[in-house]
Amino acid sequence: MPTPSAPLPDDLAGLHDAVVGWFDDHARDLPWRGTAEVLPEPWPVLVSELMLQQTPVVRVLPVFEAWMERWPTPADLAAEPSSEAVRAWGRLGYPRRALRLHAAAVAITTEHDGRVPDDHAALLSLPGVGEYTAAAVASFAFGQRHAVMDTNVRRVLARVVLGQAYPSTSVTAAERRLAQALLPADDAHRWAAATMELGALVCTARAPRCDVCPVADRCRWLALGRPDHDGPPRRGQAWAGTDRQCRGRLLAVLRDATDPVPKAALDAVWEDGAQRERCLDALLDEGLAQVHSDGKFSL
DNA sequence: TACGCGTGGTG
DNA sequence: TCACCAAGCGT
């Protein structure tokens with residue numbers, strides 16, 4: 001195991017206690033979370049993690065509740081067509097995730113006896129489950145010891161340990177080594193949840209609340225006077241006129257219709273015909289939309 | 001590795 | 001106001 005390139009904090013146990021202690025007092029009561037004593041069920045954890053990819057908690061909450069009531073097990077979801085998953089996804093965004101969650105439910109049902117696997121590699125092989133989500137499910141639902149690196153954790157570590165305003169654009173090997181080296185020997189899953197929550201509630205991207213931070217007295221970034229980000233500029237996401245906007249418009253029409261719609265209904269929501277056709281073809285290809293024998297379209 | 005992928009809230 | 005940001009993944 002290589003040594004982290006940045007020096008570790010000199011009081012790791014103190015850091016752990018401060019963050020986990022804060023979490024015990026301030027953690028939000030979210031429906032996919034367990035308690036300090038009892039781990040949550042893995043299926044709700046998996047569902048929530050897919051929904052939370054790039055989507056804020058407050059928008060996920062109502063969709064999650066409805067989803068779990070309708071499909072309390074992976075087999076329940078797998079038994080329905082994927083179009084139902086896309087419709088139930090509502091306006092969470094990135095509707096491919098609904099398709100992936102449905103495909104994951106099918107894989108769990110057919111290849112894992114209907115139970116969410118507890119093995120990191122098996123989780124990673126599920127559709128829509130990448131490095132972060134596999135570590136998160138193994139950690140939160142099964143109490144395992146993994147470095148869980150989402151945008152919150154990466155920002156907390158960048159600030160507290162490295163003294164930088166933001167982490168690098170992509171996860172580096174040094175960052176993985178650092179997160180691994182910081183893992184406590186016991187209850188690493190609580191450390192994972194606590195660092196994520198700290199990033200979400202206190203050590204936020206734009207307006208960090210250092211005045212109420214439990215580790216302000218050991219934060220390198222704060223000690224340095226909160227220096228600005230000095231790396232390459234963080235690339236924004238283009239929107240107006242993009243395929244993404246066009247796809248969103250088309251999908252909204254299909255989602256809001258109870259029955260298949262004529263093509264004219266799709267033509268009406270996007271001016272540029274060539275772009276519209278390209279996007280519609282892509283949606284059909286990806287399985288987000290279907291064309292029927294009468295020429296009408298639906299999810 | 002860098003990019004495309006939805007949607008809506010906010011400083 | 002508007003650029004930025006939100007529990008990433010797949011290619």
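Numbered from 1 within each chain, the chains take letters A, B, ... in sequence-line order.
Taking the side-chain contact (heavy atoms from CB on, under 4.5 Å) definition, one finds that A:Arg206 meets it with nothing, sequence neighbours left out. Evaluation of the side-chain contact (heavy atoms from CB on, under 4.5 Å) rule for A:Arg176 yields A:Met149, A:Val171 as partners, not counting sequence neighbours. Qualifying ring pair (Phe, Tyr, Trp, His ring centres under 6.0 Å) partners for A:Trp89, counting only residues two or more places apart in sequence or in other chains: A:Trp67.
Counting any heavy atom pair closer than 4.0 Å across all strands shown, A:Leu92 reaches a base atom. Contacts of A:Arg244 with the nucleic acid, taken as non-hydrogen atoms under 4.0 Å apart, include base atoms. Residue-level contact check: A:Arg255 touches the backbone only, with heavy atoms under 4.0 Å from sugar-phosphate atoms and none from bases.
Note on A:Arg115 versus A:Glu41: no salt bridge recorded, every NZ/NE/NH1/NH2 to OD/OE distance being 4.0 Å or above. At a threshold of 4.0 Å, the pair A:Arg276-A:Glu271 does not count as salt-bridged, since none of the basic side-chain nitrogens sits closer than that to a carboxylate oxygen.
Nucleotides B:dT1 and C:dA6 have their C1' atoms positioned 23 Å apart, rounded to a whole Å. When the P atom is used for both C:dA7 and B:dG11, the distance is 14 Å, rounded to whole Å. As rounded to the nearest Å, C:dC2 and B:dC5 have P atoms that lie 24 Å from one another. C:dT1 and B:dG6 are spaced 27 Å apart, taking the P atom of each and rounding to whole Å. Between B:dG8 and C:dC9, the distance separating the two P atoms is 23 Å to the nearest Å.
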Determine whether A:Thr55 and A:Arg97 satisfy the following criterion, side chain to side chain donor-acceptor pair (under 3.5 Å), listing intermediate values before the conclusion.
CA-CA 11 Å; A:Thr55 305; A:Arg97 293 181 293 163; 2.9 Å; yes
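Nearest-nucleotide assignment on DNA chain B puts the 5′-proximal partner with A:Ser170, out of A:Ser170 and A:Trp239.
Near DNA chain C, meaning a heavy atom under 4.0 Å away, there are no residues from residues 182-191 of chain A.
A:Glu197 and A:Trp22 form no side-chain donor-acceptor contact under 3.5 Å, judged by distance and modelled atom types alone. Side-chain contact check for A:Tyr132 and A:Gln53: no donor-acceptor pair (N or O, by modelled atom type) lies under 3.5 Å. Under 3.5 Å, the side chains of A:Ser48 and A:Arg33 contain no donor-acceptor pair of N or O atoms.
Geometrically, A:Arg159 engages A:Tyr166 in a cation-pi contact defined by less than 6.0 Å to the ring centre and at most 45° from the axis.
Put simply, chain A comes within 4.0 Å of DNA chain B, heavy atom to any atom, from B:dC3 to B:dG11, going 5' to 3'.
Hydrophobic clustering (ILVMFWY, side-chain heavy atoms < 4.5 Å, transitive): A:Val148 and A:Leu30 are in one cluster.
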Nucleotide by nucleotide, 5' to 3', does protein get under 4.0 Å of the base (B), only the sugar-phosphate (S), or neither (-) in nucleotides 6-11 of chain C, counting heavy atoms?
BBBSS-
